[in-house]
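Input: a single structure, listed below in structure tokens.
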Amino acid sequence: MSKKINFLVRVVVFSLITTFFISCDREFSDIGANIVGDNHYGLLCDSTSTVIAYNQSLGPVQTNNLPINSIGYYNNPVFGKTTACFLTKLQMNDGSLYVYDKANVSIDSVYLYVPYYSTYVSTDSDSGDSTYTLDSIQGSNPIKLSVYRSNFQLNDYDPLTGFQQKQKYYSDQQSDVEFLTPMVSRLNNSSDATQNDNFTFNSSQIKFFETTTDGSGNVTVTSTVRTRLAPGMYMDLDKTPFLNDILKTSNDNLINNSVFKDYYKGLYFKVEANANSANQGSLARMNFAQGKITIVYHDATSSTDATSLKRTITLNMTGNCLNTLNNEFVNPVTPDVTNGDSELYLKGGDGSMAVIDLFGKEDVRKYVDGVSVSGSNGVPDELDDLRNPANGQLPMVNDASLTFYVKQNAMTGAPEPNRVYLYDLNNNRPIVDYYYDNTNGITPKYNKYVHGGILVKSDGTLVNVANGDRGYKYSVKLTNHIRNLIKNDSTNVRLGLVVTESIMSASEVYLKNPFPFTDDSSSKAVKYFPMMSVANPFGTILYGSKQGTDNPDSKRIKLRIYYTKPE
């Protein structure tokens, strides 16, 4: 009976969510947030402006202390293989630890747990078991996962700057980590291969069962569930290294977390292809800061009382961390920075982005007292013309958007990023429309939905990956940006386009190898890159701005400006 009720509840909830999606889509249509070519109620449309967009490969990017990290091995049918490993410091939950009887202290168990991003579905009233759906995981094949104690020190501050600047670590430092990390015996050496050689990101609830102990000290696991945890990375760890390295070490190493972090450098999660899934695997995005290691041990009650007492110490996976990325992807396009590219490869992690110039680059005219004369003024002629209409009356911009069409035949079978992010490359910040948009979506991933950049189908409705939907386009609103360019003579900044894991963060990280800001290699360099693009390991191929053999004009990047003429 409970299962039937639960089913009915799910049906009702699904209906409400569907209705909400439809409502949102209608709202999108009304404001033009993700429907390009929708009814603009008789407004005039200018879609003739030149847009030049070209590819820019990134190289290694800063990946220490990301809020979301990738781990796994995945063979993307479009972008090739990615191997993501992870290194983290540990901190004592209580801030310190004192072991009274070093000679006789013993460990009952050690386990590691990091929750996945998941959504609760239902609970069976008979068994008490709950079901979940996992988010941010691509692929379902096993990987080989090994956990080692690391000797690579993740510093807070850079000694080369006299400890004045924070230390930066990059995505290409896997070999540096492994050079200092003995990888002889792994900590996750359980006989259960699903915890190491055949590791999978499992959606099952994790259960701990009650145990009983007889007079001889024999422990029996009962069928009574003691504790339930949401799905996550779970491993039983080798007790001996933790006994020797944590409990039996000098208490001076455990006096506080500052000392402990210098002593115990951290854990290294090394990922390799599974022997039976060399061309498949799976990749997850996780918040390791929610992870912990639990050590259950027995120690004397105090320095004067030798009575054995059961205790627990928790080591949190907080503090410095590093995500290393090993990609086989090489952007097949040699960028044409002058004329733009016919295809744009957006790849997260340390992949590639698109650089965009609005209104082209031609600058052979300028206006003096409203009259066009020969000469350069650092402003594209197309923008100059918009700023200086023949009748002297500036158009009233009601709506403006950039639309990017997915090259669907090139993306067959590949995971698609839910969202792209358009930003001011000159100043390393969002464009003004980002700040103006405070709308909230059904989840945080859909916040700022007016500004857009959300993947939609050809009818403008949201892509539902679970239904096998494929994306058709991304559309980004930049109405206020265009208004400022025309009306307020704002600088026509160069724009960057990247995939993003979360639109709610505009933080940036460093590029190991900055690239020139303009066509002139002697110009200032672009040093920063959006953090949330690094956190998303996937990519998409878009039709570019340049006419190509497989790039129809209808799919090229379009800047559409809807306006009214003053009376």
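If you're wondering where the values come from, they're calculated on a predicted model, not measured in any experiment. Only heavy atoms go into these numbers, but all of them, side chains included; no hydrogens, no water, no symmetry mates.
Residues passing the ring pair (Phe, Tyr, Trp, His ring centres under 6.0 Å) test with Tyr528, sequence neighbours excluded: Tyr510. Listed by chain and residue number, Tyr116, Phe199 satisfy the ring pair (Phe, Tyr, Trp, His ring centres under 6.0 Å) test with Phe201 (two or more places apart in sequence, or in another chain). Applying the side chain to side chain donor-acceptor pair (under 3.5 Å) rule to Asp158 yields no partners; only residues at least two apart in sequence or on another chain are considered. Residues satisfying the ring pair (Phe, Tyr, Trp, His ring centres under 6.0 Å) test with Phe329, not counting sequence neighbours, are Phe79. Qualifying side chain to side chain donor-acceptor pair (under 3.5 Å) partners for Ser150, counting only residues two or more places apart in sequence or in other chains: Thr181. For the side-chain contact (heavy atoms from CB on, under 4.5 Å) test, residues two or more places apart in sequence or in another chain that qualify with Thr88 are Phe86, Leu267, Phe269, Met317, Cys321. Here Tyr543 pairs with nothing under the side chain to side chain donor-acceptor pair (under 3.5 Å) rule; sequence neighbours left out. For the side chain to side chain donor-acceptor pair (under 3.5 Å) test, no residue two or more places apart in sequence or in another chain qualifies with Lys448. In this structure, the ring pair (Phe, Tyr, Trp, His ring centres under 6.0 Å) partners of Tyr169, at least two apart in sequence or on a different chain, are Phe152.
Residue pairs meeting the ring-ring contact (aromatic ring centres under 6.0 Å, His included) criterion with at least one partner in residues 243-265, sequence neighbours excluded, are Phe260-Tyr264. The side-chain hydrogen bond (donor to acceptor under 3.5 Å, both in side chains) pairs that include a residue from residues 134-148 are Ser146-Arg186, where partners are two or more places apart or lie in different chains. Among pairs with a residue in residues 58-74, those fulfilling side-chain hydrogen bond (donor to acceptor under 3.5 Å, both in side chains) read Gln62-Asn64, Asn65-Asn320, at least two apart in sequence or across chains.
Side-chain contact annotation: Thr439 with Asp437, donor-acceptor N/O pair under 3.5 Å present. Side-chain atoms of Asn274 and Asp197 form no donor-acceptor pair, as typed in the model, at a separation below 3.5 Å.
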### Task
Apply ring-ring contact (aromatic ring centres under 6.0 Å, His included) to Tyr234 and Phe208, showing your working.
CA-CA 11 Å; Tyr234 177 86; Phe208 294 87; 5.7 Å; yes
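A distance-only check finds a donor-acceptor pair linking the side chain of Asn256 to the backbone of Val259 [under 3.5 Å]. Proximity of a side-chain donor or acceptor of Asp469 to a complementary backbone N or O of Asn464 within less than 3.5 Å is detected.
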